[in-house]
Amino acid sequence: MRKKQRAQVHNWAYAQLRDFLTYKAEMVGVPVQVINPRNTSRTCSQCGFCDAQNRRSQARFECCECGWAAHADHNASRNIAALGHEKYWAAQSTVPKAATALASS
């Protein structure tokens, strides 16, 4: 990537990048889920235990509950992916939200 291109890419605001991704995804029919990243870097992607102590350093994640260890970004990305799948399948549910009684004639 050339220096000019790097400067353009790294100066995008998060909202602008999200808009670009959403636009491109909609063009090809790919669903986009916006996920709140809160606590994704503190929550264990294996057991679900959430604690600030799980984040040993900027790069290191180690669960105080189950002992699972990984790179902190990898752990957070697994949590974000799981939340995305959960949100997607909830939206695909075929169960009716509310049933109304049929009017008798």
Side-chain donor/acceptor pairs under 3.5 Å, residues 76-90, sequence neighbours excluded:
from  : atom 1 : to    : atom 2 : distance (Å)
Ser77 : OG     : Asp73 : O      : 3.3
Ser77 : OG     : His74 : O      : 2.7
Arg78 : NE     : Ser45 : OG     : 3.1
Asn79 : ND2    : Thr40 : O      : 2.8
Asn79 : ND2    : Thr43 : O      : 2.7
Asn79 : ND2    : Asn75 : O      : 3.4
Lys87 : NZ     : Val34 : O      : 2.7

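Residues Cys50 and Cys44 have side chains not in contact (no heavy-atom distance under 4.5 Å, counting atoms from C-beta outward). Looking at heavy atoms from C-beta onward, Phe49 lies in side-chain contact with Cys64 at the 4.5 angstrom threshold.
Nearest heavy atoms, Glu62 versus Gly67: CG-O, 4.2 Å. Smallest separation of non-hydrogen atoms from Cys63 and Cys66: SG-N, 3.3 Å.
Scanning for side chain to side chain donor-acceptor pair (under 3.5 Å) contacts around Arg55 gives Ser41, with sequence neighbours left out.
Taken to the nearest 0.5 Å, the NE2 atom of His71 stands 8.5 Å off from the CD atom of Gln58.
Evaluation of the side chain to side chain donor-acceptor pair (under 3.5 Å) test over residues 17-33, restricted to residues two or more places apart or in two chains, returns none.
In terms of modelled atom types and a separation under 3.5 Å, the side chain of Asn54 and the main chain of Phe61 share no donor-acceptor contact.
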